[in-house]
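Have a look at the structure below, then the notes.
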Amino acid sequence: MLRVNRSRLLARLDDLARIGALEGGGVQRLAFTEQDLAGRRFVEHHLQRMDLTPRIDAIGNLWALRPGDHPDAAPVLLGSHTDSVGRAGRFDGSLGVLAALEVLEVLHENAHSTHRPVGLVSFVNEEGVRFMPDMMGSLYLRGDLDTDWVRAVRGTDGTTIGENLDKLGMAGSEDLRSSSVHAFLELHIEQGPVLEEVGLPVAVVTGVQGLRWLEITLKGTANHAGTTPMDRRQDAGLVAARVVVAMRECTQSIPGLRATVGRLVPSPNLINVIPGTVELTLDLRHPEQDTLDHAVERMRGTVAGLAEAEGVGYDIHETASAPAVQFDDLVVQAARDGAAALGLPVHELISGAGHDAQILARHCPSGMLFVRSRGGVSHNPAEYSSPEDVEAGANALLQAALRLAG
């Protein structure tokens with residue numbers, strides 16, 4: 001049975017983590033920066049060492065195929081992303097890309113033939129930190145985003161993606177959007193506590209819960225905290241507080257719902273002034289789309305009722321939406337078989353976070369494997385998966401890929 005080279009994979013994780021390394025620990029490779037490009041070139045270099053030709057599309061996605069016995073057959077793609085959040089760990093996204101690279105190298109050094117081509121894909125701007133939306137590379141590859149639209153997206157620093165692509169020479173000339181794909185499989189750290197709690201190194205992911213983001217603006221009246229009677233206030237801060245409580249009550253009555261107020265900004269944000277406006281966000285997630293949609297409509301109605309009761313105006317704008325996904329049976333079964341072939345218990349999970357595989361699932365049969373995360377920590381320099389777990393996940397990816405590629 002073919003096996004990955006653990007030492008080589010771990011060394012490459014170390015090497016990639018040096019690109020964008022931060023003083024005091026952690027990694028920063030924000031999308032469309034010099035560090036992001038350096039991370040992609042690191043992967044390109046190792047592909048070229050295997051005589052594989054990296055292909056780059058108009059927004060910087062990387063794609064490379066190892067030919068199969070039937071080169072015209074639709075390929076099996078493996079991969080993830082190498083961009084990061086602002087102060088990241090070394091595993092999120094990177095493990096999926098470097099494990100895919102390791103699979104290709106194992107096939108190469110063993111001269112192992114497959115029926116279908118097996119390839120690597122590394123998507124740009126999965127994190128969406130500097131430029132929204134997140135998972136941009138996979139959305140573009142799926143055909144949802146137009147090139148001119150992507151180039152015009154303006155980031156947090158005021159520059160556009162197009163300006164950064166041109167400055168860095170990061171864009172390619174390939175058009176990968178019409179490419180047929182037999183299956184896509186993504187290895188990723190769990191970013192949660194479940195595998196650690198059950199004492200297992202690897203899980204087969206059967207789907208990803210849906211996500212909807214709401215941005216809410218509450219419009220009251222800023223006034224003096226000492227002279228304005230309580231019954232004459234239009235307090236946007238009070239309404240915001242009640243929305244947060246109502247959100248938690250919503251999760252208690254809808255099993256499986258996860259809801260978060262991640263940002264809450266009062267204005268003028270002074271100790272002796274009643275908040276005139278408050279901006280806050282709601283992040284709502286659930287594995288079942290109908291339930292998620294019900295929760296969103298419930299919260300919309302709740303915000304309206306709470307605001308009107310206090311004489312406060314409101315505006316609700318949906319900023320992001322990703323449908324709940326059930327992964328394809330073909331890919332899920334290949335992942336199960338790959339894990340079982342290694343003697344690993346087959347544990348199944350639904351992902352709480354969004355991933356490129358969730359986006360590709362509407363383009364081609366897709367699936368995922370998870371690797372245990374210590375403490376469930378992610379998007380943090382403390383992010384960690386043990387060498388043994390990394391090896392187990394990469395070997396499960398290899399075995400699943402072999403089954404999918406024939």
Side-chain angles (χ1 to χ4, degrees), residues 29 31 61-63 76-85 88-100 120-129 132-142 144-145 181 183-195 202-213 258 283-287 289 292 320-328 331-332 334-335 347-373 376-380 383 385 390 393-394 396-397 400-401 404:
R29 290 190 299 270
N61 285 318
L62 166 65
W63 170 304
V76 173
L77 290 183
L78 314 173
S80 191
H81 64 96
T82 58
D83 70 308
S84 78
V85 295
R90 63 175 54 198
F91 295 94
D92 179 5
S94 299
L95 174 60
V97 174
L98 297 183
L120 176 151
V121 61
S122 183
F123 294 107
V124 292
N125 196 26
E126 193 272 351
E127 296 291 3
V129 173
M132 287 291 289
D134 58 351
M135 295 180 278
M136 182 180 283
S138 49
L139 284 167
Y140 179 80
L141 186 68
R142 195 176 72 179
D144 287 29
L145 305 179
V181 178
F184 173 66
L185 184 60
E186 181 175 9
L187 179 69
H188 206 281
I189 57 171
E190 182 195 350
Q191 301 178 289
V194 176
L195 282 173
V202 174
V204 175
V205 184
T206 58
V208 181
Q209 63 182 354
L211 169 152
R212 292 179 68 180
W213 286 356
R258 296 179 185 178
D283 176 319
L284 298 164
R285 306 183 190 221
H286 197 277
Q289 191 64 41
L292 174 62
S321 176
V325 166
Q326 296 297 313
F327 285 137
D328 188 88
V331 185
V332 171
H347 187 78
E348 298 186 357
L349 285 177
I350 292 177
S351 175
H355 296 285
D356 289 311
Q358 177 184 16
I359 303 302
L360 265 289
R362 283 177 52 194
H363 176 68
C364 63
S366 299
M368 295 188 73
L369 286 157
F370 273 167
V371 171
R372 175 166 44 192
S373 297
V377 174
S378 184
H379 287 188
N380 185 307
E383 183 178 272
S385 294
V390 166
L397 180 72
L404 290 167

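In what follows, residues are counted from 1 in the order of the sequence shown. All values derive from a computational prediction rather than experimental measurement.
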List for me each residue that meets side chain to side chain donor-acceptor pair (under 3.5 Å) alongside [X], sequence neighbours excluded, and say none if there are none.
{"X": "Asp144", "result": "Arg142"}
{"X": "Gln326", "result": "none"}
{"X": "Ser122", "result": "none"}
{"X": "Asn125", "result": "none"}

Which atom pair, heavy atoms only, marks the closest approach of [X] to [Y]?
{"X": "Ala361", "Y": "Val325", "value": "CB-CG1, 3.6 Å"}
{"X": "Gly137", "Y": "Asn61", "value": "O-ND2, 3.1 Å"}
{"X": "Met368", "Y": "Ala357", "value": "CG-CB, 3.5 Å"}
{"X": "Val121", "Y": "Val97", "value": "O-CG2, 4.5 Å"}
{"X": "Leu187", "Y": "Ala99", "value": "CD2-CB, 3.6 Å"}
{"X": "Ile359", "Y": "Met135", "value": "CG1-SD, 3.8 Å"}

Sequence-distant partners of [X], side chain to side chain contact (heavy atoms under 4.5 Å, CB included), two or more places apart:
{"X": "Ser378", "value": "Asp92, Ile189, Gln191, Glu383"}
{"X": "Ala324", "value": "Gln289"}
{"X": "Ala203", "value": "Leu195, His347, Leu349, Phe370"}
{"X": "Val85", "value": "Ala88, Glu127, Val129, His379"}

Quiz item: Yes or no on side-chain contact (heavy atoms from CB on, under 4.5 Å) for Leu369 and Val202, after CA distance, side-chain angles and deciding distance?
Solution: CA-CA 7 Å; Leu369 286 157; Val202 174; 4.1 Å; yes
Got a second to check how far [X]'s [atom1] is from [Y]'s [atom2], nearest 0.5 Å?
{"X": "Met136", "Y": "Leu141", "atom1": "CE", "atom2": "CG", "result": "14.0 Å"}
{"X": "Thr82", "Y": "Leu95", "atom1": "OG1", "atom2": "CG", "result": "12.5 Å"}
{"X": "Ser94", "Y": "His81", "atom1": "OG", "atom2": "NE2", "result": "7.5 Å"}
{"X": "Arg285", "Y": "Arg258", "atom1": "CZ", "atom2": "CZ", "result": "9.0 Å"}
{"X": "Phe184", "Y": "Leu404", "atom1": "CZ", "atom2": "CG", "result": "12.0 Å"}

Quiz prompt | side-chain hydrogen bond (donor to acceptor under 3.5 Å, both in side chains) pairs, two or more places apart, involving residues 357-372 | solution = Arg372-Asp389
Exercise. Just jot down the salt bridge (Lys or Arg N to Asp or Glu O under 4.0 Å) partners of Asp134, sequence neighbours excluded, or say none.
Key: none
Exercise. Check salt bridge (Lys or Arg N to Asp or Glu O under 4.0 Å) between Arg90 and all other residues, then give those that pass, not counting sequence neighbours.
Key: Asp14
Quiz item: Under the side chain to side chain donor-acceptor pair (under 3.5 Å) criterion, do Ser80 and Glu186 qualify, and how do the steps go?
Solution: CA-CA 6 Å; Ser80 191; Glu186 181 175 9; 2.7 Å; yes
Counting only N and O atoms by type, is there a donor-acceptor contact under 3.5 Å from the side chain of [X] to the main-chain atoms of [Y]?
{"X": "Asp83", "Y": "Glu126", "answer": "yes"}
{"X": "Ser84", "Y": "Arg29", "answer": "yes"}
{"X": "Arg212", "Y": "Leu292", "answer": "no"}

Quiz prompt | From CA spacing to verdict: side-chain contact (heavy atoms from CB on, under 4.5 Å), Leu120, Leu62 | solution = CA-CA 8 Å; Leu120 176 151; Leu62 166 65; 4.2 Å; yes
Quiz item: What pairs with His188 under ring pair (Phe, Tyr, Trp, His ring centres under 6.0 Å), at least two apart in sequence or on another chain?
Solution: His355
Quiz prompt | Pairwise side-chain contact, Trp213 with Asp283, heavy-atom cut-off 4.5 Å (strictly under) | solution = yes
Quiz item: Does the side chain of Phe91 come within less than 4.5 Å of Val390's, by heavy atoms?
Solution: yes
